[in-house]
Every structure is written in structure tokens, then in C-alpha cells.
Amino acid sequence: METSVAGLAIAAVLFLQFSVNSSCSATGSLPSRNTNIEYIKTTCYNTTLYPKLCYHTLAIYASTIETNPKLLASTALNVSLRNTYSTSRLMKRVSKPPVLEPRVAAAMLDCTEEVGDSVYELQRSMEEMGQADGSRFSKAMSDVETWVSAALTDDDTCLDGFAEEVMDKKVAAIIKRHVQRMARLTSNALALVNRFASTQASLP
């Protein structure tokens, strides 16, 4: 899992770097950058449930995204994947005795598995996103939406576990903060994916 995720992250970075290089002449000026940032901000605030988080996590990629809805959705997926992967690693570290009592560790294990599934599902969604062209567009985007929706469901299921009394409050507060951010990033990514899919489907 770690190797495949690392490979995917490297591929995403190379893809984004290529986009930057190929469009540097169009994005080198301040007006263009302002236009790109405004596009991201407007789209985030009109589309997602967590617009401030959306804007702050994606604005740094403005010169790469430009005003391209596919790049916006793809970048949001990549941000969500990287955050989910780091959260998964964190949970694995803190879910083992003697850091936690055995019964608390057991409760954490379920959540850790859900987050691990979310990593896999987001990875699959990015793979499908790369196939969303031409005659395969509708099928690929349907698969992307399915995978990201599944990841969000797993995130929500993980969050539900923090309502249990068995959970150590101090540990719960730390993990819950990370899981909530992860779930919100995934929610934002899904909203941007849905927007891209519907926008393209409406084109002649």
C-alpha cells in the first residue's frame, strides 16, 4: 500500500509540474494569477460544504490549476489522498498498546481499517480520473464518484466511532481533529468531482 501510494503521489507531482511548465507563459503575470485564485475561491465557495478549507488547500496550486475544472478536481483528490494517507499512518502509530488500553486499541483498530479503505478508494478514484477522456469519460467519472463517495462513507463511519464511551477522551480529541479534516477534504473533493462531471456532461 505504501509503495503504491508513494508512486501515485510522485506521478501526481510530475503531472502537476508538467502542467506548470506547459502553461508558464499564460500564468506568469500577476493578473493571470489573480484570475486563477479568484476562480478557485469562487468555485470553492459556490460548490463545497467547507469552502474556506477548500480555498486554503487549493489556492497554493493556482498556477497549476488555472481555471481548469478537471485540474481543480484532480488536485482536490490528490490533496485528500495525501491527507488521508498521513492520517492513516498516524492512527496506526497511536492505536497499539501500551500507548492505549487494549479495549481502546480495539476500538481504534476499526477506525484505522476504515481510513485504510479510504486511502485505497481515493487512490482508485485518481486512477480513474486519469482515464476520464473521450468515449470513456462518462464511465470513468461515474467510477470516480463511486470511489470518492465510498471513501467519504468510510471517513464518516470512522468519525461515528468517537461517540463511543470506550474511547479515551484525550486520544479521541487528537484523532478526531485529524479525521474530521480528512473527511472534509474528501467531501470537498467529491463536490468538485461532481461539478466537473456535470459541467462536462452538459457540453454539446
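- Proximity of Arg82 to Leu185: side-chain heavy atoms (C-beta onward) are nowhere separated by under 4.5 Å.
- Lys176 is listed as a side-chain neighbour of Leu159, based on a closest heavy-atom distance under 4.5 Å.
- Heavy-atom minimum distance, Ala189 versus Ser80: CB-CB, 4.4 Å.
- Inter-residue side-chain proximity for Thr84 and Thr186 is flagged as met; some heavy-atom pair is nearer than 4.5 Å.
- Checking side-chain atoms of Thr75 against main-chain N and O of Leu71 turns up a donor-acceptor pair under 3.5 Å.
- In this structure, the side chain of Ser198 engages the main chain of Arg195 through a donor-acceptor pair within 3.5 Å.
- The two residues Leu152 and Ala183 make their nearest non-hydrogen contact at CD1-O, 3.5 Å.
- Under the 3.5 Å distance criterion, the side-chain polar atoms of Asn78 are left unmatched by any main-chain donor or acceptor of Ser74.
- The line from CD of Gln180 to CD1 of Ile175 is 12.0 Å long, rounded to the nearest 0.5 Å.
- Considering CG of Leu58 and CG of Asn36, their distance stands at 13.0 Å, rounded to 0.5 Å.
- Salt-bridge check for Glu121 with Arg124: failed, with every basic side-chain N at 4.0 Å or more from each acidic carboxylate O.
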Exercise. Could you walk me through whether Tyr61 and Val79 pass the side chain to side chain contact (heavy atoms under 4.5 Å, CB included) test, one step at a time?
Key: CA-CA 10 Å; Tyr61 302 106; Val79 169; 3.9 Å; yes

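- Residues Asp154 and Ser118 approach most closely at OD2-N, 4.0 Å, considering heavy atoms.
- Annotation: side chain of Cys54 is not in contact with side chain of Lys41 (no heavy-atom distance under 4.5 Å).
- With contacts defined as side-chain heavy-atom distances shorter than 4.5 Å, the pair Leu190/Ser149 qualifies.
- Here the side chains of Leu72 and Tyr39 are in contact, with some heavy-atom distance below 4.5 Å.
- Contact annotation: the side chain of Lys52 approaches that of Tyr45 to within less than 4.5 Å [non-hydrogen atoms, C-beta and beyond].
- Rounding to the nearest 0.5 Å gives a distance of 12.5 Å between CG of Leu122 and CE of Met129.
- Side-chain contact between Leu192 and Phe196 is absent, with no heavy atoms from C-beta onward closer than 4.5 Å.
- Heavy atoms only, all atoms of each residue included: Cys44 and Thr48 are closest at O-OG1, 2.8 Å.
- Here Gln131 contributes atom CD and Phe137 contributes atom CZ; the two are 13.0 Å apart, rounded to the nearest 0.5 Å.
- Rounded to the nearest 0.5 Å, atoms CE (Met182) and OG1 (Thr87) are 5.5 Å apart.
- Between Tyr55 and Tyr50, the ring center distance fails the sub-6.0 Å criterion.
- The OG atom of Ser88 sits 11.5 Å away from atom CD of Glu114, with the distance rounded to the nearest 0.5 Å.
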Practice problem: Output, in order, the C-alpha distance, side-chain angles, deciding distance and verdict of side chain to side chain contact (heavy atoms under 4.5 Å, CB included) for Met91 and Cys158. | Solution: CA-CA 11 Å; Met91 295 182 68; Cys158 178; 4.1 Å; yes

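- For the side chain to side chain donor-acceptor pair (under 3.5 Å) test, no residue two or more places apart in sequence or in another chain qualifies with Asn194.
- A side-chain hydrogen bond (donor to acceptor under 3.5 Å, both in side chains) check over residues 132-145, counting only residues at least two apart or in different chains, returns the pairs Lys70-Asp133, Lys139-Asp143.
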Practice problem: Could you give me the CA-CA distance, side-chain angles and deciding distance for Leu90 and Arg93, then say whether side chain to side chain contact (heavy atoms under 4.5 Å, CB included) is met? | Solution: CA-CA 5 Å; Leu90 171 66; Arg93 288 199 302 270; 3.6 Å; yes

